[in-house]
Amino acid sequence: MVRVKAYELRSKTSKELLKELDDMKAELAQLRVAKVSGGAASKLAKIKVVRKSIARILTVYNQKQKAEARKQYKGKKYQPLDLR
């Protein structure tokens with residue numbers, strides 16, 4: 001899988017992000033198995049790319065969740081501490 005771009009992820013829905021996250025985690029598990037069994041160097045280098053892609057997906061997902069929460073609490077008298 002190629003590196004995922006954050007701007008591409010922002011246009012996806014939450015379900016699509018979670019599905020892509022599951023795919024990446026499965027791929028990371030396969031790469032770790034390949035590492036233990038003595039896989040090719042290209043597979044070992046791909047572990048870093050997949051880990052960073054997982055981090056990007058989680059970052060965009062959490063940004064979306066926080067934006068939805070901000071929208072929900074907009075104009076209310078009380079807000080959660082993490083939205084202040």
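These values consider heavy atoms only, across backbone and side chains, with no hydrogens, waters or symmetry-generated copies.
- Here the CG atom belonging to Asp22 is positioned 9.5 Å from the CD1 atom belonging to Ile57, to the nearest 0.5 angstrom.
- Between Val50 and the choices Leu31, Val4, Asp23, the side-chain contact (heavy atoms from CB on, under 4.5 Å) rule is met once, by Leu31.
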For residues 76-84, which side-chain N or O atoms pair as donor and acceptor with protein atoms under 3.5 Å away, sequence neighbours left out?
from  : atom 1 : to    : atom 2 : distance (Å)
Arg84 : NE     : Gln79 : O      : 3.3
Arg84 : NH2    : Gln79 : O      : 3.1

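- For the atom pair Glu16 CD and Ser11 OG, the distance stands at 8.0 Å (nearest 0.5 Å).
- Note that the CD atom of Glu20 and the CE atom of Met24 stand 5.5 Å from one another [nearest 0.5 Å].
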* Chi angles and distances behind the side-chain contact (heavy atoms from CB on, under 4.5 Å) call for Leu9, Lys5 -> CA-CA 6 Å; Leu9 292 174; Lys5 306 278 189 208; over 6 Å; no
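- Considering OG of Ser14 and CG of Leu21, their distance stands at 12.0 Å, rounded to 0.5 Å.
- With sequence neighbours excluded, no residue satisfies salt bridge (charged side-chain N to carboxylate O under 4.0 Å, His left out) with Lys43.
- Under the 4.5 Å side-chain heavy-atom criterion for Ile, Leu, Val, Met, Phe, Trp and Tyr, Ile54 and Val33 are members of distinct hydrophobic clusters.
- A side-chain hydrogen bond (donor to acceptor under 3.5 Å, both in side chains) check over residues 59-74, counting only residues at least two apart or in different chains, returns the pairs Arg10-Gln63, Tyr61-Gln65.
- Here the straight-line distance linking atom CZ of Arg3 with atom NZ of Lys48 works out to 10.0 Å at 0.5 Å rounding.
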* Glu8 and Lys12: CA distance, side-chain angles, deciding distance, side-chain contact (heavy atoms from CB on, under 4.5 Å) verdict -> CA-CA 7 Å; Glu8 294 170 354; Lys12 295 186 176 185; 5.6 Å; no
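- In this structure, Ser37 OG and Arg32 CZ are separated by 14.0 Å, a value rounded to the nearest 0.5 Å.
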